[in-house]
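In what follows, a structure is listed as structure tokens, so that the remarks can point back to it.
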Amino acid sequence: MDHAAEANRTDLMTITRFVLNEQSKYPESRGDFTILLSNIVLGCKFVCTAVNKPLGSPLQDLTTKSYFDHSTRQVLPNSLDLLERPMFRQGEEQKKLDVLSNDVFVKALISSGRTCILVSEEDELATFVEPSKRGRYAVVFDPLDGSSNIDCGVSIGTIFGIYMVKDSIEPTLDEVLQPGKNMLAAGYCMYGSSCTFVLSTGAGVNGFTLDPSLGEFILTHPDIKIPKKGKIYSVNEGNAKNWDGPTAKYVERCKFPKDGSSPKSLRYIGSMVADVHRTLLYGGIFLYPADKKSPNGKLRVLYEVFPMSFLMEQAGGQAFTGKQRALDLVPNDIHERSPIFLGSYEDVEEVKALYAAEDKK
């Protein structure tokens, strides 16, 4: 028996141990970030459990459509008698699991005692933590990205980004309306065939997989590096008639390359977490461009574009809006949207070249 190999298999690097090891590199650290991250991880475990409840369980109805009254923070019954059903400002139906996930993360983040501002995809306004529970971090998050896919079993996930604020005593919205390059950390948790937590604190990207028997996230994908060029492109081609010239040309090159290379394979799930996770591991490019229907793009800057762009750059890739580096954007609104092209360095370079050529015309 190879006892050394056996020892390696039992020396498990949990996400808590990993973060504590990183914390030890900074003598001035007080452990605040570790506590905050632990609460985010707890929220992910809770949502993972809810997402994976078997059919027929008491939580099964969490996947059915419901309507949320943000003025009273109450879920309205799913009734055909409700002729006027409140919708969130972004015009998207909410699901009960959306509401549950949002409440779980809001409460977990506030109870950590380390946050002062929370921005959620589910809430129209930012949440300012009461003074007695304030800390020095602002967290932006999408508690359940891809939730329209809940009923068909497609992988969904939680996306988050963390900023350190300058003034935790009297914080303002400007603390989160800043470029993504100022993020301290970003990550996502994907609830699929396995529960995967991907994190960057600005020194590379690492992936952890939840071991249900231990209830712990274990390091399974250390130091993730995206390939320089990939063989996959990911885009909703149903919007092709509304694309601009550079996007249309790029997708045409993916399908009909003129340099004699093989065409790229199209893979589109429709859940950003799942599509970006595959892109991160296998290489290629994920596109959600602006089009005639959505001239400002569809994905939200703070809690979708920024965290995923941060991860891509930390893994050696790029993120581009069609005009500039994604992480250089300065949002004016917490729910602002943007086009995005992110993935392998060389693939995004090709997109950038097409937009540069268009600008010269």
Side-chain angles (χ1 to χ4, degrees), residues 88-92 98 102 105 109 115 117-128 137-148 157-165 171-188 198 200 202 234-236 239 244 247 270-273 275-277 279-280 285-291 293-315 317-343 348 351-352 355:
F88 177 40
R89 69 188 290 268
Q90 300 183 64
E92 298 168 355
D98 284 4
N102 190 53
F105 280 105
L109 291 166
T115 60
I117 308 174
L118 308 178
V119 173
S120 169
E121 189 266 348
E122 298 294 337
D123 291 329
E124 183 172 2
L125 302 175
T127 298
F128 287 83
Y137 296 105
V139 182
V140 295
F141 61 100
D142 184 346
L144 206 62
D145 181 75
S147 57
S148 60
T158 297
I159 309 172
F160 65 91
I162 301 172
Y163 290 97
M164 182 177 289
V165 302
T172 66
L173 205 54
D174 289 338
E175 299 283 8
V176 292
L177 294 177
Q178 54 180 310
K181 64 185 178 184
N182 294 347
M183 275 185 171
L184 182 70
Y188 61 82
V198 176
S200 175
S234 181
V235 65
N236 181 359
N239 295 327
D244 61 18
T247 299
S271 171
M272 187 187 190
V273 169
D275 278 313
V276 170
H277 185 67
T279 304
L280 192 63
I285 188 168
F286 169 81
L287 310 81
Y288 213 119
D291 56 35
K293 292 191 301 180
S294 303
N296 296 319
K298 186 78 180 291
L299 297 179
R300 273 67 60 135
V301 173
L302 275 183
Y303 40 80
E304 291 176 324
V305 171
F306 277 173
M308 292 309 199
S309 299
F310 188 91
L311 290 167
M312 276 298 167
E313 287 200 5
Q314 286 295 316
Q318 290 195 81
F320 178 63
T321 67
K323 295 181 179 179
Q324 63 185 114
R325 176 192 179 205
L327 292 180
D328 286 337
L329 274 174
V330 182
N332 297 306
D333 181 80
I334 61 173
H335 298 298
E336 187 171 314
R337 300 172 188 255
S338 171
I340 189 65
F341 303 82
L342 54 80
V348 178
V351 173
K352 289 166 70 175
Y355 274 95

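Start at 1 with the first residue, then count along the sequence. The structure displayed is predicted, hence computed values, not measured ones.
When side chains are defined from C-beta on, Ser338 counts as touching Leu329, because their heavy atoms get closer than 4.5 Å. The shortest distance between side-chain heavy atoms of Leu342 and Met308 falls below 4.5 Å.
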What pairs of donor and acceptor atoms, side-chain ones from residues 138-145 against any protein atom, are under 3.5 angstrom apart with sequence neighbours left out?
residue	atom	partner	partner atom	Å
Asp142	OD1	Leu144	N	3.3
Asp145	OD2	Met272	N	3.3
Asp145	OD2	Val273	N	3.4

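The side-chain hydrogen bond (donor to acceptor under 3.5 Å, both in side chains) test applied to Tyr188 returns His277, not counting sequence neighbours. Shown here are the side-chain hydrogen bond (donor to acceptor under 3.5 Å, both in side chains) partners of Glu304, two or more places apart in sequence or in another chain: Arg300. Partners of Thr158 by side-chain hydrogen bond (donor to acceptor under 3.5 Å, both in side chains), not counting sequence neighbours, listed by chain and number: Tyr191. Listed by chain and residue number, Pro339 satisfy the side-chain contact (heavy atoms from CB on, under 4.5 Å) test with Ala290 (two or more places apart in sequence, or in another chain). Remark: Phe341 engages Tyr355 in a ring-ring contact (aromatic ring centres under 6.0 Å, His included) (not counting sequence neighbours). Not counting sequence neighbours, the partners of Thr279 by the side-chain contact (heavy atoms from CB on, under 4.5 Å) test are Ile226, Phe286, Met312. The side-chain contact (heavy atoms from CB on, under 4.5 Å) check on Asp291 picks up Asn239, Asn242, Trp243, Lys293, Ser294, with sequence neighbours excluded. Under the side-chain contact (heavy atoms from CB on, under 4.5 Å) criterion, Ala186 pairs with Met183, Pro307, Phe310, sequence neighbours left out. Judged as a ring-ring contact (aromatic ring centres under 6.0 Å, His included), and not counting sequence neighbours, the contacts of Phe160 are Phe197.
Separating the CZ atom in Phe320 from the CZ atom in Arg325 is a distance of 13.0 Å, to the nearest 0.5 Å. Rounded to the nearest 0.5 Å, atoms OG (Ser120) and OH (Tyr303) are 7.5 Å apart. Atom-to-atom distance recorded for Leu280:CG and Gln314:CD is 11.0 Å, nearest 0.5 angstrom. Considering CG of Asp333 and CG of Leu177, their distance stands at 7.5 Å, rounded to 0.5 Å. To the nearest 0.5 Å, atom CG of residue Leu302 and atom NE2 of residue His335 are 9.0 Å apart. Here CG of Asp275 is found 10.5 Å from CG of Leu287. Values are rounded to the nearest 0.5 Å.
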Using the side chain to side chain contact (heavy atoms under 4.5 Å, CB included) rule, take Leu173 and Ile334 through it: C-alpha gap first, then chi angles, then the decisive distance, then the call. CA-CA 9 Å; Leu173 205 54; Ile334 61 173; 3.9 Å; yes

Side chain to side chain contact (heavy atoms under 4.5 Å, CB included) between Phe306 and Leu327, worked out: CA-CA 6 Å; Phe306 277 173; Leu327 292 180; 4.1 Å; yes

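Side-chain atoms of Thr115 come within 3.5 Å of backbone atoms of Leu109 as a donor-acceptor pair (strictly under, hydrogens ignored).
Among pairs with a residue in residues 172-187, those fulfilling salt bridge (charged side-chain N to carboxylate O under 4.0 Å, His left out) read Lys181-Asp328, at least two apart in sequence or across chains.
Pro289 approaches Val235 most closely through the heavy-atom pair CD-CG2, 4.2 Å. Minimum interatomic distance between Lys298 and Tyr288 (heavy atoms only, all atoms of both residues): CB-CE2, 3.4 Å. Tyr163 and Gly180 get closest at one heavy-atom pair: OH-CA, 3.8 Å.
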